[in-house]
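When reading the values below, keep in mind they use all heavy atoms of this one structure, side chains included, and skip hydrogens, waters and symmetry mates.
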Amino acid sequence: MTGRTLCFPSLAPFSSLPSKMGRSYRSFASQVSSLQPLAHPSSPHREDGDAEAEWDGLGFGLMPTDYMYVAKCSGDRNFGRGQLRLFGNFQVSPSAGVLNYGQGVFEGTKAHRKENGHLLLFRPEQNAMRMRMGADRMCMPAPSVDQFVNALKQTALANRRWVPPPAKGSLYLRPLLIGTGPVLGLAPAPEYTFLIYASPVGTYFKEGTAPLNLYVEEDTDRASRRGTGSVKTISNYAPVLMAQMRAKNRGFSDVLYLDSQTKKNLEEVSSCNIFIAKGKNISTPATNGTILAGITRKSVIEIARDLGYQVEERAVGVDELAEADEVFCTGTAVGVAPVGTITYRDARMEYRTGRGTICQELSSTLTGIQTGKIEDGRGWIHEIF
Ligand SMILES: Cc1ncc(COP(=O)(O)O)c(C=O)c1O
């Protein structure tokens with residue numbers, strides 16, 4: 001949609017931003033005025049007012065929103081001041097590092113709309129730090145924590161009309177750091193792009209909020225010792241598609257990976273961490289380099305301890321699945337999701353789900369904090385408006 005006027009229905013409320021966002025409000029305002037209209041894919045939205053979206057029954061798919069944040073870095077390894085631009089395609093060299101050698105890391109976080117209309121971000125500095133660690137492993141420069149968090153806030157506010165109403169979903173924010181400079185011989189790219197785009201989302205799995213049915217994968221490994229399993233690099237994800245597709249075709253929700261060395265311990269699911277519970281004891285695989293240190297995982301551990309549960313981060317044997325009362329998954333996209341069954345070889349194990357479960361208590365506490373219904377006593381929430 002070229003030549004469309006850059007209308008910010010939500011600009012007026014930004015005048016109240018400095019108290020909450022300080023510097024970022026001013027840079028945001030100046031960036032808006034310098035935005036150039038770019039080619040825009042057709043998308044179901046209007047130029048102003050509320051997004052014309054069907055908020056009921058949202059799943060997890062791309063619904064293009066208005067703006068994306070873009071910053072570039074070459075030579076000095078510093079990302080210059082980023083810009084909000086209309087969401088849309090951009091050009092890269094066929095020889096870009098990301099296309100040829102998979103030099104890229106990404107993040108995922110959500111903005112929730114509070115009852116009063118303000119937006120809430122959950123622990124965005126954790127995503128920033130994880131991106132920096134991942135970038136280091138992949139030989140890439142990364143934005144500072146401040147730049148990352150500011151960019152997230154700008155992207156969320158610029159797309160605020162795409163944040164679903166309370167209880168209908170959230171605005172998923174996808175920060176991406178990729179080698180866009182050209183390389184031919186195997187080497188780090190000479191230029192990098194940091195961008196953030198957004199999409200309204202609802203439940204991640206097609207099961208919605210119903211319990212998941214997992215399959216223990218033994219034919220393929222997700223990660224190896226001293227590999228990149230603990231890094232949110234784009235190159236970790238295509239390799240899990242085959243096992244995931246195979247499992248889905250057999251009616252499972254997803255696969256549960258085992259450690260590649262002994263095949264005796266649980267690792268994680270394709271895109272979320274795993275917990276088991278027995279009585280008041282909760283266990284989750286320790287982060288030893290092969291699994292992603294989920295921000296939801298870390299938060300759920302803290303919440304569970306505060307609620308009086310004993311939580312252990314340790315090697316969790318696959319044989320413990322037979323004894324567990326409950327199993328659940330955690331992740332930004334899935335939240336705290338109950339697992340109803342796990343199939344391991346010929347055995348199908350069933351778990352408690354629903355009312356009165358630990359999973360439900362943790363899920364409602366976490367969601368309550370993320371949506372502003374439960375007071376955040378830990379400094380996890382950034383409220384922006
Ligand atoms: C492989 C993997 N494990 C776990 C997670 C959960 O991490 P987080 O809670 O930070 O979203 C994700 C999602 O990003 C993931 O891709």
Side-chain angles (χ1 to χ4, degrees), residues 9-10 13 41 43-46 48-69 87 106-124 126-127 152-176 196-212 253-254 269-273 294-296 299-300 303 328-338 359-360 362-374 376 380-385:
S10 45
S43 61
H45 64 240
R46 295 196 317 240
D48 55 12
D50 292 335
E52 281 181 348
E54 180 52 66
W55 297 130
D56 287 323
L58 267 182
F60 201 92
L62 181 70
M63 186 188 290
T65 62
D66 300 328
Y67 295 98
M68 61 184 184
Y69 175 95
F87 177 84
F106 70 104
E107 276 300 326
T109 187
K110 286 173 171 173
H112 285 94
R113 189 186 289 280
K114 211 177 166 185
E115 292 290 349
N116 66 3
H118 294 181
L119 304 186
L120 304 177
L121 295 178
F122 184 70
R123 309 189 79 178
Q126 293 285 324
N127 297 91
L152 266 184
K153 290 180 178 179
Q154 290 180 44
T155 313
L157 287 171
N159 293 300
R160 67 185 300 158
R161 69 202 182 102
W162 293 96
V163 187
K168 300 285 184 188
S170 58
L171 185 72
Y172 184 77
L173 295 154
R174 167 56 61 82
L176 197 53
I196 306 178
Y197 64 90
S199 176
V201 294
T203 50
Y204 184 74
F205 286 106
K206 75 168 172 30
E207 286 78 359
T209 51
L212 307 176
S253 320
D254 210 328
V269 180
S270 310
S271 59
C272 44
N273 294 115
I295 295 160
T296 322
S299 309
V300 159
I303 290 170
F328 52 90
C329 295
T330 64
T332 300
V334 304
V336 184
C359 171
Q360 203 176 56
L362 294 173
S363 170
S364 61
T365 308
L366 179 72
T367 313
I369 296 169
Q370 289 173 330
T371 55
K373 290 201 187 96
I374 295 178
D376 164 34
W380 285 353
I381 297 294
H382 292 233
E383 183 162 346
I384 52 174
F385 51 91

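Side-chain atoms of Phe385 and Asn116, non-hydrogen and from C-beta on, never get closer than 4.5 Å to each other. Looking only at side-chain heavy atoms (C-beta outward), Cys329 and Leu212 come within less than 4.5 Å of each other. Counting heavy atoms from C-beta outward, Phe122 and Leu366 have side chains that approach closer than 4.5 Å. Residues Val300 and Asn273 are not in side-chain contact: their nearest non-hydrogen atoms beyond the backbone lie 4.5 Å or more apart.
The minimum heavy-atom distance linking Gly117 with Arg160 is given by the pair O-NH2, 3.5 Å. Heavy atoms only, all atoms of each residue included: Trp162 and Ala53 are closest at CZ3-CB, 4.3 Å. When all heavy atoms are compared, the tightest approach of Pro124 to His382 is CD-CD2, 3.4 Å. Summarising the geometry of Thr296 relative to Gly331, their closest heavy-atom pair is OG1-C, 3.1 Å, with the distance given to 0.1 Å. Pairing each heavy atom of Gly372 with each of Leu120, the nearest pair is N-CD1, 3.4 Å. Heavy atoms only, all atoms of each residue included: Tyr172 and Gly108 are closest at OH-CA, 3.2 Å.
Scored by the salt bridge (charged side-chain N to carboxylate O under 4.0 Å, His left out) test, Lys168 finds Asp56 as partners (sequence neighbours excluded). The side-chain contact (heavy atoms from CB on, under 4.5 Å) test applied to Leu173 returns Thr109, Ala111, Leu121, Leu152, Thr155, Ala156, Leu171, Ile196, Ala198, not counting sequence neighbours.
For the atom pair Ser199 OG and Phe87 CZ, the distance stands at 8.0 Å (nearest 0.5 Å). Here CD of Glu107 is found 10.0 Å from CD of Gln126. Values are rounded to the nearest 0.5 Å. The distance from the CG atom of Leu157 to the CG atom of Leu119 is 5.5 Å, given to the nearest 0.5 Å. Atom-to-atom distance recorded for Arg161:CZ and Thr65:OG1 is 9.0 Å, nearest 0.5 angstrom.
Asn159 places a side-chain N or O within donor-acceptor distance of the main-chain N or O of Asp66, the cut-off being under 3.5 Å. Remark: the backbone N or O of Ser363 is paired with a side-chain donor or acceptor of Thr367 at under 3.5 angstrom.
Between Glu383 and His118, the side chains place a donor N or O and an acceptor N or O closer than 3.5 Å (distance only, hydrogens not considered).
Considering Arg113, His112, Glu115, Lys114 in turn, His112 is the only one that fulfils the side chain to side chain contact (heavy atoms under 4.5 Å, CB included) rule with Thr371.
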**Residue pair Cys272, Tyr204: steps toward the side-chain contact (heavy atoms from CB on, under 4.5 Å) verdict** = CA-CA 11 Å; Cys272 44; Tyr204 184 74; over 6 Å; no
